[in-house]
Amino acid sequence: MKVKTILVSQPEPKVENSPYFELQQKHKVKIDFRPFIHVEGVSAKEIRLQKIDLNNYSAIILTSKNGVDHFFRVAEEMRYKIPEGLKYFCQSEAIAFYLQKYVVYRKRKIYVGPKDFADLSPLIKKYKDEKFLLPASDQLNADIPVTLNALKVDWTPATFYKTVMSDLSDLADVYYDVLAFFSPTGIKSLYKNFPDFEQNNTRIAVFGSTTQKEALDHGLRVDIMAPTPGTPSMTMALEKYIVEVNKAK
């Protein structure tokens with residue numbers, strides 16, 4: 001069956017040259033965007049109940065842009081004056097670049113990993129005497145505690161924001177040829193909103209092995225998978241599939 005409509009379970013890209021828009025124009029498909037999950041901040045009061053005092057930490061580990069936003073939001077709510085000597089360990093260059101929204105980059109002690117959290121290990125190990133705070137979501141990637149515990153550093157995880165399933169009730173009678181998912185929580189949100197969802201001819205696209213597992217655990221048929229060696233991004237995987245099925249008569 002040909003693909004004419006796609007629902008991407010993420011916010012619409014803010015850049016004009018997004019590969020999704022190129023895909024839409026090139027293959028004459030309709031692509032809609034709708035976050036199946038969203039992030040809600042945890043209040044300073046709730047964070048204090050986690051026994052977190054920002055004054056006790058000399059280094060902050062940042063694994064996402066949400067982590068950056070919510071660390072500085074909570075710091076402001078707690079009236080915590082951020083010391084110039086505070087160290088920031090960023091999982092990627094993109095996160096370090098985003099940090100400039102809040103701090104003057106050249107005046108701060110910022111350490112950047114290439115991409116994956118494990119790649120930060122040598123940097124963290126070099127400063128193993130610091131007291132690290134990890135402001136994160138309520139769904140912390142399993143590899144992070146394993147990596148930090150193996151380094152035997154003094155670190156504390158804290159829930160600064162939560163991943164919440166969005167209300168999708170207005171989509172009850174809307175059909176799409178392809179649904180694209182990027183996290184296990186996105187799949188859970190689908191079933192929370194539509195417990196009786198039946199896949200039928202809907203194609204399911206997933207990004208990442210944990211998302212794939214969640215889809216399979218719910219009995220879904222995964223038709224489009226990313227990343228793969230030939231299709232490292234979701235848009236490339238979608239395009240490959242569209243080319244294959246839309247050329248068939």
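Remember, predicted model here, so these are calculated numbers, not experimental data. Just so you know, residue 1 is the first one in the sequence shown, and it goes up from there.
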Donor-acceptor pair, distance only, cut-off 3.5 Å: does the side chain of [X] make one with the backbone of [Y]?
| X | Y | value |
| --- | --- | --- |
| T211 | F207 | yes |
| N193 | D167 | no |
| E40 | K162 | no |
| T231 | P227 | no |
| S18 | V15 | no |

Side chains of [X] and [Y] in contact at under 4.5 Å (non-hydrogen atoms):
| X | Y | answer |
| --- | --- | --- |
| T147 | N149 | no |
| N201 | M1 | yes |
| K131 | S58 | yes |
| V103 | L86 | no |

Do the side-chain N and O atoms of [X] and [Y] include a donor-acceptor pair separated by under 3.5 angstrom?
| X | Y | result |
| --- | --- | --- |
| S43 | E46 | yes |
| Y241 | N246 | no |
| S92 | Y98 | no |

>> Show me the pairs that pass salt bridge (charged side-chain N to carboxylate O under 4.0 Å, His left out) and involve residues 206-230, at least two apart or across chains.
In response: K213-D217, R221-D223
> Which salt bridge (charged side-chain N to carboxylate O under 4.0 Å, His left out) pairs, counting each pair once, include a residue from residues 16-35, with sequence neighbours left out?
Replying inline: K26-E239, K30-D32, R34-D170
> What about I31 and F21, same hydrophobic cluster or not, with Ile/Leu/Val/Met/Phe/Trp/Tyr joined at side-chain heavy-atom distances under 4.5 Å?
Replying inline: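 Yes, it is one cluster - the side chains of I31 and F21 are joined through contacts under 4.5 Å.
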> Hey, what's the ring geometry for F33 with Y20, parallel, tilted or perpendicular (30° and 60° as the breaks)?
Replying inline: perpendicular
Give the minimum heavy-atom separation between [X] and [Y], together with the two atoms involved.
| X | Y | result |
| --- | --- | --- |
| C90 | L99 | SG-CD2, 4.0 Å |
| Q50 | V42 | NE2-CG1, 4.2 Å |
| L133 | A158 | CD1-CB, 4.0 Å |

Side-chain heavy atoms under 4.5 Å apart, restricted to Ile/Leu/Val/Met/Phe/Trp/Tyr: what other residues fall into the cluster of [X], or is it alone?
| X | result |
| --- | --- |
| V146 | none |
| F132 | I61, F89, Y111, F117, L120, L123, I124, Y127, L134, L140, I144, L148, L151, V153, W155 |
| I204 | L7, F36, L168, L171, V174, Y176, L179, F181, I187, L190, Y191, F194, F197, V206, L216, L220, V222, M225 |

> Who passes side chain to side chain contact (heavy atoms under 4.5 Å, CB included) against N200, sequence neighbours left out?
Replying inline: E198
> So Y102 and F71, ring pair (Phe, Tyr, Trp, His ring centres under 6.0 Å) or not? Walk me through it.
Replying inline: CA-CA 10 Å; Y102 297 97; F71 170 71; 9.0 Å; no
>> Looking at Q139, I want to see if its CD is surrounded by more than 12 non-hydrogen atoms of other residues, nucleotides or ligands under 6.0 Å.
In response: yes
>> Under 4.0 Å between a side-chain nitrogen and a carboxylate oxygen: does that hold for D154 and K128?
In response: no
